[in-house]
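We're numbering straight along the sequence, starting at 1. Heavy-atom basis, side chains included; hydrogens, waters and symmetry copies ignored.
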Amino acid sequence: MATAKHWPGLAGLLGVALMGCDAMMTQLPLAGDDFESPLEGLSRELNAAFVEGDRNFEKAFSVDEGLGPIFNNVGCEGCHPGDGRGTPDLGFTRFSRGTDPAVDIGGPQHQDKAIAGIPPERVPEGVEVSFRMPPPVFGVGFIEAIPVATILAHADPDDEDGDGISGRPHWVTPAGFVPSHHVGGGDGPQLGRFSRKAQVSSLIEQVAQAYHQDIGITSDFIPQENQHPQAGGGMALGDGVADPEIPAATVLETTIYVRLLMPPARGRKTAEAMRGEELFGQIGCASCHVPSMRTGRGPIPELSEVDANLYSDLLLHDMGPALADYRPDGDASGSEWRTAPLWGTRLVADFLDGEEFYLHDGRARSLDEAIRLHGGEAEAARGRYEALDSDARQAVVAFVGSL
């Protein structure tokens, strides 16, 4: 296990690897739009750490290196092509619904692949699953750097202002291996700000869990293999490689890499997009998709006291039955979701072979469809959007599509 002085940084949200960025992109990106660029102005030391973490992110594990025994895929990059969002056919993560101990013995995530000689994990009969499309990984360093107080300033859990929006913070218990001097670590509840339901408070925990759950790779942080509910009586099954399979340093290098990824800048501000931006605020979308939050003072100048234009409040909102997956995560209910950041939306189709997939499970194939599926706390804003004439609705879509 690394000592405190060897824990230089955080960042996360890993997935699994089948194909790279070049295979998915329809055209070469402009500078800064490739999702794989580091923040500008980094020191030589941080640039070197970024390069090493990039190698880790691109690595595809083999059985001889500890892959599995059950897993979703072989590395980080396949479900996050070019470090962007994944698609429903890239091996998205599945979570079993419910709290029955007989169901949850294999953990919260369903690993649908296995190495030779081990049966894949099977979802028990009658148990449904919640589909989660892999999110993009850029920009999480900024999200980590936003002070807790700044996020809480947008919370209104009792809807005291009467606008129908009752975003609330998700307080979670961090993993014991996260040191108290890191964002999201320490004794007592910490503010969750990562993953679909803000159920993770620390980027280092997000990365370590991704290695463990998605790829079946143990580390100094999580040294035991995944349990398998259909084989070995739920016992952890070995894959022939001694555990832990990667050291803490590998997890930390990958964490630094994703932490330092530069989010795309907003695209060209056309007259239509600027009109849409005004309408976006007027109809209430900006109540949850907060345009910008300022980061606090930190050790990395590029992440310190700057505006993070993420278009999210990082809070939980009840999105109604249409988007509910009925899977609680921590204190988040089955109908609550963290507001999804909108930065990088303009590049979705470029990185997904010309196709668009939105919402947590990719069901929406256009921005208009994604907006119309909003319910719950967003129902009033959706209604105001639908009441706009077609030109005004297109302007809102043009604005979101410019982010």
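Screening residues 147-167 for side-chain hydrogen bond (donor to acceptor under 3.5 Å, both in side chains) gives S166-E377 as the qualifying pairs, with residues at least two apart or on separate chains. For the salt bridge (charged side-chain N to carboxylate O under 4.0 Å, His left out) condition, no pair includes a residue of residues 246-256, sequence neighbours left out.
Residues that satisfy the side chain to side chain donor-acceptor pair (under 3.5 Å) test with Q282, not counting sequence neighbours, are E278. By the ring-ring contact (aromatic ring centres under 6.0 Å, His included) test, Y385 is found to be paired with no residue, residues two or more places apart in sequence or in another chain being considered. The side chain to side chain donor-acceptor pair (under 3.5 Å) check on E369 picks up nothing, with sequence neighbours excluded. Residues passing the side chain to side chain donor-acceptor pair (under 3.5 Å) test with E355 are R365, sequence neighbours excluded. By the side chain to side chain contact (heavy atoms under 4.5 Å, CB included) test, V200 pairs with F194, S195, E205, Q206, sequence neighbours left out. Scanning for side chain to side chain donor-acceptor pair (under 3.5 Å) contacts around Q190 gives an empty result, with sequence neighbours left out. With sequence neighbours excluded, no residue forms a salt bridge (charged side-chain N to carboxylate O under 4.0 Å, His left out) with D318. Residues forming a salt bridge (charged side-chain N to carboxylate O under 4.0 Å, His left out) with R297 (at least two apart in sequence, or on another chain): E305.
Judged by distance alone, the side chains of D325 and H360 never bring a donor and an acceptor atom under 3.5 Å apart. With hydrogens and angles left out, the side-chain atoms of Y358 and E356 include a donor and acceptor closer than 3.5 Å.
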Let me have the donor-acceptor pairs involving side chains of residues 268-275, under 3.5 Å, with sequence neighbours excluded, atom names and distances please.
{"from": "T270", "atom 1": "OG1", "to": "A273", "atom 2": "N", "distance (Å)": "3.0"}

Contacts table for residues 395-402: side-chain donor-acceptor under 3.5 angstrom, sequence neighbours left out:
{"from": "S402", "atom 1": "OG", "to": "R266", "atom 2": "NE", "distance (Å)": "3.4"}
{"from": "S402", "atom 1": "OG", "to": "F399", "atom 2": "O", "distance (Å)": "2.6"}

